[in-house]
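Notes for the one structure printed next.
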Amino acid sequence: MDNTLHQRSYLLELTNYARTAPFLTASASCALFLILTRLWTGFVKARRQSNTGPPEKQVPILPYWLPYVGHAISFAWSFDDMLAYGRDITTDGIFGLRIMGSTHNFVLMPSLAKQIFLQRPAALTSDDFIHWIHDKYFGDGGAARKIGHDNYHAVHQTLTSLMKEAFLKPATDRTAQLVEERTPHMFTLSTNLASQNEWERCAGAVAMEKSAVEVNLFKLTMNFVGDIAGTVLMGKAFLDNNPGIMQDLWTFDSGFNALLTGVPVITRGLTKATNARARINSAVHEWNHAVTNMLDGKEVDAKWNDLSDVSETMRLRLRALQKVDADNPFAIASNVAVYWGLMVNANKVIFWMLLHIISNPDLLETVRKEIKPYAQVTRSGFDSLKLDVEGLLKSCPILKSCFFESMRLYTAGVSYKKVLQNVTLTESAEDAATFGKPRPQTYHIKTGDFLIIPEATLQTDPRLWKDPSVFWPERYLVPDEKDPQKTKVDSLHLFAFGGGPSVCKGRIFAEREVLIFVAALISVWDFTPVGKWTIPKSSYNGTGSANPKSDLRVRMSRRV
Ligand code: HEM
């Protein structure tokens, strides 16, 4: 009785105090609430983290301070730091973040990633993620969502044509032909800037003594590759009629992260990105109409007279868009997405791979020796470079291994899936041992959660890759089981192109493109640094492939 009275008077005293100092009381209550949330979520994580408990368990979620909001702020601030932190503090194959009321499970083990790739689209879908990108980044105003599941997929499935011969053969042949024609004659060095090729103008090309040329290597690579790749996908007329389109694309790409948040335009950079997007969308809108009319046998404006070189995939997409009677915002965003996907990944990988090879004299010599039979250079006028693409793809293991290593270090793809049906994932014994766990464990992922494979986090995990920050050209050369005297190239646990139904459909072409450009450039040109060789730090506009934080100036001179 005495005790109860004592408690009541204490409560009364507390209430009176709160009335006299409401601000202080509210602040103290908030702080207490946050601390309790942090303690409780920390406790739950520690329990779930246990590697010695039952083999089946729920995903450990990193502790957080704010209910509902969870990790949203730190994730938006720097998602790669957040993911690296999550990876480094857990031995599990998966960890969770709470973001605005939903659970996002990040997968760290290759064996779990492979199981995710095997799930049917009825269990996991990327649609929500893709629709969000279409809405916020490509600016379709939600058209991809509104057009309905069946219509959306009727258009989407045309992407598989990127992996079929009807696209691949002409696209590879055209790329090789343009690279052969242009690589030995990259520079006009005209004193009139307007007469220069776009890539030399953008690269600030300057003629030096002994017929050397000084350029900014990243800008040169982006624009030289972009011009050819864009021509191969969309046809020459698209670039001829839109001379500023590539520069607009780089500006648009630089706004990826910011546009994706959907925050209204506030900075100058974002305004520039939005304006560039408007110009790209308008160019693709006009092109969509011209090519559709051409396919229908209708008359087209004289400037679109020759559309015979539009790629098979883009023709199929325009037919599919016509069939589902797509409105303009959906038709535009659908085709801009493919053009953008083609333009902002492979050329960056080419830059990094080229730089690692040319800045390492021993590696350069080895690769040149390996590719020599498949990249022949002579001084004979315009026919001075001949590429054997088949040979480059199949008989140049070091070149291919350098490609994988560049992908590992300089791409950050993300496979983002919503869980439509409960999913169970089990770690392999090998992965569990690699992560230092006494045994593999199984996780149950609930409907409504998200499952994400952050490729860059896996690609730089020291448990999976020895010296993960080192560019190691021979990393993927493994003994051939059929003939132990020989080595073969194995991509190991590299999933830079994602996997499962949403896997990168451009991956076969991308590999060909990268090997063709790198082989051609190092066969025709010698590169020396202005100053000394440095590998710049990399940064991402979001996911995708890395940009260098600074460009680097090099001198190029013809070898033969
Ligand atoms: C080295 C260069 C490239 C890298 C690293 C890369 C990476 C990726 C990744 C990580 C995805 C998402 C996969 C997933 O959700 O699991 C993707 C999707 C895609 N990529 Fe690539 N990509 C590259 C080059 C290309 C090229 C040259 C094209 C040609 C057009 C292309 C077209 C696409 C398309 C259309 C998709 C969407 C697939 C779908 O939703 O079904 N990519 N890419």
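Indexing begins at 1, ligand by ligand and atom by atom, following the structure's order.
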[X] ring center near [Y] ring center (under 6.0 Å):
X      : Y      : result
Phe495 : Phe117 : yes
His153 : His156 : yes
Tyr416 : Trp132 : no
His356 : Tyr410 : yes

(message) For Phe79 and Phe75, take the angle between the two ring planes, folded into 0 to 90°, and tell me which bin it lands in: parallel under 30, tilted 30 to 60, perpendicular over 60.
(response) tilted

(message) Can you classify the ring geometry of Phe256 versus Trp340 as parallel (below 30°), tilted (30 to 60°) or perpendicular (above 60°)?
(response) parallel

(message) Tell me whether ligand 1 is touched by Lys348 - counting only heavy atoms on the residue side and a distance under 4.0 Å.
(response) no

(message) Tell me the contacting part of Val503 for ligand 1: side chain, backbone, both, or neither, using a 4.0 Å heavy-atom threshold, strictly below.
(response) backbone

(request) Using a 4.0 Å heavy-atom threshold (strictly under), name the region of Arg507 that reaches ligand 1: side chain, backbone, both or neither. (result) neither

(message) Using a 3.5 Å cut-off on N or O atoms only, is Ser415 in polar contact with ligand 1?
(response) yes

Give the residue and atom name of whichever protein heavy atom lies nearest to [atom], and the separation in Å to one decimal.
atom                     : value
atom 28 (C) of ligand 1  : Gly506 CA, 3.5 Å
atom 15 (O) of ligand 1  : Ser502 OG, 2.9 Å
atom 21 (Fe) of ligand 1 : Cys504 SG, 2.3 Å
atom 37 (C) of ligand 1  : Leu159 CD1, 4.3 Å

On a heavy-atom basis, I'd like to know which of [options] is closest to [atom].
atom                    : options                        : answer
atom 41 (O) of ligand 1 : Glu511, Lys505, Glu455         : Lys505
atom 7 (C) of ligand 1  : Ala496, Gly413, Ala337, Ala346 : Ala496
atom 2 (C) of ligand 1  : Val514, Asn345, Asp127         : Asn345

(request) Search all heavy atoms of Phe330 against all heavy atoms of Ile147 and return the closest pair with its distance. (result) CD2-CD1, 3.5 Å

